[in-house]
Amino acid sequence: MRIGGLEKFSLIDFPGNIACIIYTIGCKFACPYCHNPELVNETVEREIPVKEIYEFLESRKGLLEGVVITGGEPTLHDDLLEFISEIKKMGFKVKLDSNGTNPKMLKRAIGKKLVDYIAMDMKSPLEIYHKTVSRPVDIDAIKTSIELLMSSPIPYEFRTTIIKSLLSPGDIEQIAKEISGAKNYYLQKFVSVKILNPQFKKKVTYTDEEFSELRELAEKYVENCYVR
Ligand code: SF4
């Protein structure tokens with residue numbers, strides 16, 4: 001594992017659980033609005049040794065309920081499941097964030113009951129995915145991950161970060177169709193803070209009123225659609 005960050009406390013990132021957040025280094029996408037450029041560009045100031053993470057978690061037994069593993073893209077790391085397994089042995093629940101590019105690893109994580117919640121990004125309608133992530137994409141892998149989550153017994157969510165000029169209302173409706181029947185779909189407001197592509201700093205998201213309309217569009221296809 002290559003770990004580039006640790007947030008020691010969060011009430012909002014793992015539904016229903018007090019958690020910490022572990023940030024893994026590396027991602028094969030380059031979403032312009034990515035909030036973790038140092039993880040994607042692999043320019044973190046200091047890599048955190050795994051041993052240090054285990055020591056921190058030992059000290060938080062009984063205080064934290066869960067651990068969020070996010071990135072970057074955690075499933076790029078071949079030893080991810082061994083890492084999660086150690087965390088589970090300490091008694092923590094695990095939420096895994098993924099961009100869905102490694103369905104084989106997701107399948108193993110689900111099969112071995114190593115994850116308690118999975119959040120998967122839906123970047124855009126599948127047809128224009130490569131444009132949104134600025135990289136070539138194996139769309140079949142994304143489709144397989146979608147099917148995997150929707151057929152799994154584990155709680156999950158799909159989520160889309162929305163910049164107005166990148167995704168039209170029709171695009172949002174198309175994404176919702178592509179995850180038709182999903183339990184939970186979150187429409188996330190783009191927040192312009194530190195991001196991968198500085199040219200996107202001035203980009204805006206939709207207004208609250210427009211988000212309500214987007215939610216209505218998506219709700220026709222999924223069980224629950226939320227804005228955050
Ligand atoms: S937002 Fe995009 S570039 Fe950033 S970590 Fe997630 S998938 Fe990778």
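All ligand and atom numbering here is 1-based and tracks the order in the structure.
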Atom 6 (Fe) of ligand 1 [closest protein heavy-atom partner, distance rounded to 0.1 Å]
Lys123 NZ, 3.8 Å
Could you list which atoms of ligand 1 come closer than 4.0 Å to a heavy atom of Gly72?
5 (S)
Out of curiosity, is Asn36 lining ligand 1, as in a heavy atom under 4.0 Å away?
no
Considering only heavy atoms of Asn99, which atoms of ligand 1 have at least one such atom less than 4.0 Å away?
7 (S)
To the nearest 0.5 Å, what is the distance between OG1 (Thr160) and CD1 (Ile172)?
6.0 Å
Are Arg228 and Tyr186 in a cation-pi setup, meaning NZ or CZ lies under 6.0 angstrom from the ring centre and within 45 degrees of the ring axis?
yes
In short, Ile139 meets Tyr129 closest at the heavy-atom pair CD1-CB, 3.6 Å
A cation-pi test, strictly: NZ or CZ of Lys189 under 6.0 Å from the centre of the six-membered ring of Tyr206 and no more than 45 degrees from its axis. Yes or no?
no
The one among Ala30, Cys31, Gly71 that brings a heavy atom closest to atom 2 (Fe) of ligand 1:
Cys31
The single option from Thr24, Ile84, Asn99 that satisfies side-chain contact (heavy atoms from CB on, under 4.5 Å) with Pro74 is Thr24
So that I can check it, does any N, O or S atom in Cys27 come closer than 2.8 Å to atom 8 (Fe) of ligand 1?
yes
Phe29: numbered ligand 1 atoms lying under 4.0 Å from its heavy atoms
3 (S), 7 (S)
Pair Phe56 and Tyr54, ring centroids less than 6.0 Å apart:
no
Could you tell me whether ligand 1 has any atom less than 4.0 Å away from a heavy atom of His35?
no
With Ser152 as partner, the option from Leu149, Leu148, Ile154 fulfilling side-chain contact (heavy atoms from CB on, under 4.5 Å) is Ile154
Minimum-distance protein heavy atom relative to atom 4 (Fe) of ligand 1
Cys34 SG, 2.3 Å
